[in-house]
Number of protein chains: 2
Amino acid sequence: MDGKTKNRAAAVPPPDGARPTLKTIAFMTGLGITTVSRALKDAPDIGAETKERVRLVAKQIGYQPNRAGVRLRTGKTNVISLVLTLEEEIMGITSPMVVGITEILAGTPYHLVVTPYSSTKDPLGPIRYILDTGAADGVIISRTEPHDPRVTLMTERHLPFVTHGRTEMGIVHPFHDFDNERFAYEAVRRLTERGRRRLVLLEPPPNLTFHSHMRTGFERGLKDFGAEAVSFHHVNIDHSLVAIRDAFEQLMRSVDAPDGIVSGSGSGAIALIAGIESAGKKVGQDVDMVSKVPSDFLRWLRPEVMTMYEDIRLAGRELAKAVIGHIEGKPPETLQSLSQPEFQRPMSKSPKV
Amino acid sequence: MDGKTKNRAAAVPPPDGARPTLKTIAFMTGLGITTVSRALKDAPDIGAETKERVRLVAKQIGYQPNRAGVRLRTGKTNVISLVLTLEEEIMGITSPMVVGITEILAGTPYHLVVTPYSSTKDPLGPIRYILDTGAADGVIISRTEPHDPRVTLMTERHLPFVTHGRTEMGIVHPFHDFDNERFAYEAVRRLTERGRRRLVLLEPPPNLTFHSHMRTGFERGLKDFGAEAVSFHHVNIDHSLVAIRDAFEQLMRSVDAPDGIVSGSGSGAIALIAGIESAGKKVGQDVDMVSKVPSDFLRWLRPEVMTMYEDIRLAGRELAKAVIGHIEGKPPETLQSLSQPEFQRPMSKSPKV
DNA sequence: CATCGCCACTGTATCGTTACAGATTTTGTC
DNA sequence: GACAAAATCTGTAACGATACAGTGGCGATG
């Protein structure tokens, strides 16, 4: 007789049309399954020539490890989970984000799984699910809060992750963030350069970390460039466009009306413009406005609004690189990045003329 | 001695903090692993009381089947793959689509995996990958062509799928589509109602199926409502905004300038508007325009443009339901749907005043 | 009372992979 | 030449689930 029992496998030809497995390679090379497995991972106890032979055959027949097999045996899922609020939909920042992430994952064995949740409910839900079921090797979250229970939980349980946005908990973890402080500061600079002195900020919801970043930049700008703040806290960029417009129309009609506006979101800017116009005023004339934008639309449709571009696709790429780095054990402090606002030249009505 | 070898498992207490498996339940109930497995799938050869007991315990300890185990043994992945072009990014239709899909998947064991590809390269790539590796139970594709090789391949290989858009190959398969013919027809109606007679269509790329749908509706409208077409085929909605604008500016400056425009995409409309304005004309005055839109932005920023809403989130939901139906073996002809354009009332500048 | 059939349940093998503990051969040492 | 140490390679078991082929008990049948 030949081999004993299980690895006798190598002596049996693999079924025909089926997808190749280690067994197939073992049969073709005459080696044991174990050897093939170890050869493919370049283990030190396999001969150089054997490795070469195995690699060649594997490539030839298009071997790809069975994910379920690996996952069952090792627990490695090769999955990155993108945790999204279903509501995170305004102005669709999700698309470029997903594209950015997949651009990076394309060169790796990782797949991207989208895990949604209703933000009105338990934000820990999806995290718990991933922890309980071992659904992913790494997680990307957004809408980060200064004290974010998700970060605490994932850190405790050693689940690699990265946040889109920073925290303030003394936990060093991977993140990518847009420099919202800088954005607001530069926005104020732009407005004061145009002689605006009574400025208002359409801010992020107060529970998110970048709320304070943006406020800080705004206020630092006011001080440095000599302007005053007009209070406008009833609504924030999470509110509906209608709510923002109505609130802002009211403000613009009041004696307190600002002459300069910083908008923390592109879609918010749309509502603000509507509010301004409802109040019978005009952007670029009665007021100036700077908005953070994730795309070109505002610039095309309302060139009178000054825009600072936030590259979400880049963010996706950075986030993907960071989670993978975290999974691979790189120190978290090397996996942090901040991207700078890009002030956009106003679009000329007709560049060719 | 007790049980023989493998199922002796049931006699061994499960490790402490670990996630519960069938073994855990088997131990707790004193049953065999097989019995537990069959009880949970409501097999006919298990006693009613036993099933009840098993279900209770399973629920109590929060048992969730190990996906890798199931997948390895049965081949069922519980994965739906959304195949996207990386370029499909203009105007971010991906976001609401993903949201719609996940809304449906949330109530099922399915996960959503995003599989991107570079449309300039081989569109069959991701399909082949899924077929070769058994990466998903079902697939959602878009940018459907009249003779779409992906549809042929998946049909041949019995991989359940659904297309966003229709085909013309005589293959009956699940799809969801927006009624682009109706859209264009109604758009022409609107324009002629305003007295416009020289109409132009910014159309989809000619290789996609809905190109002809939209053209057909457009031409039928021209005939029924008495208007003539202005030729404009140099660019389509897949081209860059700059290309569209420049081409359209030229058209608007020519003696052939149209007085009515149908735009097959929201972002395209933005470029058209820019082109019109570069040529020194004005929408709502010199020309009227109807555009298909996936969001509210255009309506907010350019209320003079008439818009017809395409509900992408709904499309996501329909697509998800259809793939799942296909996976479950429902006949394809019952998994086809067409959504109608929703003409939107122009936004009043200030509804409260 | 032997036998049959049915019900309810169980053991074994298996999916593809890898950790681990050998096994065999070659090389090195004195 | 004997023995140890490398150097290579291999079998077994296990991850968690399920298909399949039983097994044992019990009531019905003749």
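Chain A is the first sequence line, chain B the second, and so forth, proteins listed ahead of strands; every chain is numbered from 1.
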Bend angle of the helix from dC1(C)-dG30(D) to dC30(C)-dG1(D), end axes from five pairs each (to 10°): 60°
Sequence neighbours excluded - side-chain hydrogen bond (donor to acceptor under 3.5 Å, both in side chains) pairs with any residue from residues 321-331 of chain A: Glu318(A)-Lys321(A)
Rounded to the nearest angstrom, tell me the gap between atom [atom1] in [X] and atom [atom2] in [N].
{"X": "Ile33(B)", "N": "dC20(D)", "atom1": "CD1", "atom2": "P", "answer": "19 Å"}
{"X": "Glu52(B)", "N": "dA8(C)", "atom1": "CD", "atom2": "P", "answer": "15 Å"}
{"X": "Glu49(A)", "N": "dT26(C)", "atom1": "CD", "atom2": "P", "answer": "14 Å"}
{"X": "Leu22(A)", "N": "dA19(C)", "atom1": "CG", "atom2": "P", "answer": "12 Å"}
{"X": "Ile25(B)", "N": "dT18(D)", "atom1": "CD1", "atom2": "C1'", "answer": "14 Å"}

Verdict with reasoning, Val54(A) to Thr35(A), per side-chain contact (heavy atoms from CB on, under 4.5 Å): CA-CA 9 Å; Val54(A) 169; Thr35(A) 311; 5.8 Å; no
Any pair counted as salt bridge (Lys or Arg N to Asp or Glu O under 4.0 Å), so long as it reaches residues 124-135 of chain B, sequence neighbours left out: Asp122(B)-Arg128(B)
Salt bridge (Lys or Arg N to Asp or Glu O under 4.0 Å) contacts touching residues 76-85 of chain A (sequence neighbours left out): Lys76(A)-Asp137(A)
Scan nucleotides 6-9 of chain D against the protein and return all N/O pairs shorter than 3.5 Å with their distances rounded to 0.1 Å.
| residue | atom | partner | partner atom | Å |
| --- | --- | --- | --- | --- |
| dC9(D) | OP1 | Thr50(A) | OG1 | 2.7 |
| dC9(D) | OP2 | Gly47(A) | N | 2.8 |
| dC9(D) | OP2 | Thr50(A) | OG1 | 3.0 |
| dC9(D) | N4 | Asp45(A) | OD2 | 3.2 |

Any residue meeting side chain to side chain donor-acceptor pair (under 3.5 Å) with Thr167(A), in chain and number order, not counting sequence neighbours: His173(A)
Contacts of Thr115(B) that satisfy side chain to side chain donor-acceptor pair (under 3.5 Å) - sequence neighbours left out: Ser81(B)
Closest-nucleotide ordering on DNA chain C, the 5'-leading residue of Val36(B) and Thr21(A): Val36(B)
Mind checking what makes side chain to side chain contact (heavy atoms under 4.5 Å, CB included) contact with [X], not counting sequence neighbours?
{"X": "Glu49(A)", "value": "Arg53(A)"}
{"X": "Thr108(B)", "value": "Leu105(B), Tyr110(B), Ile324(B)"}
{"X": "Leu82(A)", "value": "Leu84(A), Val98(A), Ile101(A), Leu112(A), Ile140(A)"}
{"X": "Thr21(A)", "value": "Lys23(A), Thr24(A)"}

Lys23(B) vs dG16(D): side-chain N/O to OP1/OP2 distance below 4.0 Å: no
OP1 or OP2 of dT18(D) under 4.0 Å from side-chain N/O of Ser37(B): yes
Mutual orientation of the aromatic rings belonging to His176(A) and His164(A) [parallel < 30°, tilted 30-60°, perpendicular > 60°]: parallel
Within residues 57-81 of chain A: residues closer than 4.0 Å to DNA chain D (heavy atoms): Leu72(A), Arg73(A)
